[in-house]
Amino acid sequence: MGSVRFPMAPSTVPRALRDAFLTDAPLVPLVHDATVVASDGTRKFRFRTHDDRFIETVLIPDDKQERSKLTLCISCQVGCAWGCSFCATATIGFGRDLSAGEMVEQLYWVMENVGQKPTNIVFMGMGEPLHNLDQVTRALSIIEHPWGAGLSPRRLTVSTSGVVTGIDLLAKVRPLPNLAVSLNATTDEVRDQLMPVNRRWNLAALLAAARRFPLGHHRRITFEYVLFAGVNDSDVDAARLPRLLQGIPSKVNLIPWNPVPGLPFERPSEARVITFQNRVRRADLPVYIRTPRGDDQAAACGQLAARADETPPRLINLRSTRHVS
Ligand code: SAH
Ligand code: SF4
């Protein structure tokens, strides 16, 4: 049970009830375990859950330092069930859903221990948020509430690999968070290979769900497009991408693939990434390159894979070496 204890240890409370408390309503939802700081200032925190599992949360300062943007990337599951062939989280399989409390605690722990309040929250850590929508929705409402963290829903983003039934349910949530869709391919043939979710809901079904997703004024759906050398980074892909998104208020984030040991992909050259961006831009679609953040400490997109059975040397134990400030 680690360091999570029933705080009052009242011997008058029957043991079965105490055990039920620990299982159903852990009073310390997460125990901070370790922190790594990447060279670009990105910090990755590892937490242990009450049932001795591990999750990771990433705090990303603004790379341009123009504004004081501080993004927190939250995990919503231990591992992930969707098995995308390029993602580190997929390699650990599915453990369990996180509770809303465990999601919110990732934010509260950072606010209390780092001493800064994130300006933006993205559900882009470990797990598929629309596969745990009930708890994600509860977490969103706490994060938004003035008695909670008081963040505007415009600053909250839920990212999905393409769980269409979940997109339709998220569309009914109020206030509505931003939606990000991990597109990652322009044909079903390639997407089927990269993301098994596509065999359940293909590109046509996914884009139809995106089209019917309600958007307020000035809002767009973000399409994440991870670039893999020789797989989805051709000029033909760059021409097809804007055509697929026609009619959907969109912006595209290009993410050069972040290496995961053992996975058979390569990041395209910088020149290829820029050419791809320029070709997509010709179609008047806002398209940005997401510079990998925290990748020297496996803290970048898709590199989160905290395992219960390992203490990676790259994780620095806060208590013995350094403090987050
Ligand atoms: N399950 C959700 C949210 C978590 S993944 C989803 O798939 O959208 C967050 C983002 O990281 C997704 O856009 C995913 O395509 C991307 N990603 C996964 N592995 C990656 C890797 N190795 N390099 C770069 N991006 C990756
Ligand atoms: Fe899961 Fe998202 Fe990784 Fe796919 S990319 S395995 S859906 S976390």
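A quick note: this is a predicted structure, and the numbers were derived from the prediction, not measured. Counting starts at 1 for both ligands and their atoms, following the listed order.
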Distance-only polar pair, side chains of Arg191 and Asn184, donor-acceptor under 3.5 Å = no
With a 4.0 Å cut-off on heavy atoms, is Cys80 touching ligand 1?
-> no
With a cut-off of 4.0 Å, which atoms of ligand 1 are near a heavy atom of Glu224?
-> 13 (O)
Considering only heavy atoms from C-beta outward, does the side chain of Phe123 approach that of Met103 to under 4.5 Å?
-> yes
Tell me, which protein residue and heavy-atom name are nearest atom 1 (Fe) of ligand 2, and how many Å apart are they?
-> Cys80 SG, 2.3 Å
Tell me yes or no: between the side chains of Asp237 and Thr186, is some donor less than 3.5 Å from an acceptor?
-> yes
Under 4.0 Å from a heavy atom of Trp82: give me the atoms of ligand 2 that qualify, with their elements.
-> 7 (S)
Heavy atom of Gly127, distance to ligand 1 below 4.0 Å = yes
Out of Ala90, Ser159, Gly125, indicate the one that has the non-hydrogen atom closest to atom 4 (C) of ligand 1.
-> Gly125
With heavy atoms under 4.0 Å as the rule, classify the contact between Cys84 and ligand 2 as side chain, backbone, both or neither.
-> both
Whether Asn202 side chain and Asp188 backbone form a donor-acceptor pair below 3.5 Å | no
Is the number of heavy atoms from other residues, nucleotides or ligands within 6.0 Å of CD (Glu144) greater than 12?
-> yes
Atoms of ligand 1 under 4.0 Å from any heavy atom of Ile255, numbered from 1 in the order shown, are 24 (C), 25 (N)
Donor + acceptor pair across side chains of Asp192, Asn198 (<3.5 Å) | yes
If you measure only the distance, is there a donor-acceptor pair under 3.5 Å linking the side chains of Ser161 and Glu128?
-> yes
In sequence, state the C-alpha distance, the side-chain angles, and the governing distance for Arg96 and Thr49, and then conclude on side chain to side chain contact (heavy atoms under 4.5 Å, CB included).
-> CA-CA 11 Å; Arg96 69 166 171 84; Thr49 62; 3.5 Å; yes
Proximal atoms of ligand 1 relative to Val260 (non-hydrogen, under 4.0 Å) | 22 (N)
Please report the C-alpha distance between Trp257 and Phe86 in whole Å, then the side-chain angles of each, then the deciding distance to 0.1 Å, and finally whether the ring pair (Phe, Tyr, Trp, His ring centres under 6.0 Å) criterion is met.
-> CA-CA 8 Å; Trp257 183 64; Phe86 51 86; 8.1 Å; no
Numbering the atoms of ligand 1 from 1, which are under 4.0 Å from a heavy atom of Thr160?
-> 6 (C), 8 (O)
Shortest protein heavy-atom distance from atom 7 (S) of ligand 2, along with the residue and atom involved = Ser161 CB, 3.5 Å
Top protein contact for atom 3 (Fe) of ligand 2, by heavy-atom distance | Cys87 SG, 2.4 Å
Considering only protein heavy atoms, which is closest to atom 2 (Fe) of ligand 2, and at what distance to one decimal place?
-> Gly127 O, 4.5 Å
May I ask you to check whether Cys87 has an N/O atom sitting below 3.5 Å from an N/O atom of ligand 1?
-> no
Going by the order shown, which atoms of ligand 1 are within less than 4.0 Å of some heavy atom of Ser161?
-> 6 (C), 7 (O), 8 (O)
State the atoms of ligand 2, each with its element, that fall below the 4.0 Å cut-off from a heavy-atom position in Ala90.
-> 6 (S)
Taking atom types as modelled and ignoring hydrogens, do the side chains of Gln77 and Asp97 form a donor-acceptor contact shorter than 3.5 angstrom?
-> yes
Between Cys76, Ser85, Ser182, flag the one that comes closest to atom 14 (C) of ligand 1 by a heavy atom.
-> Ser182
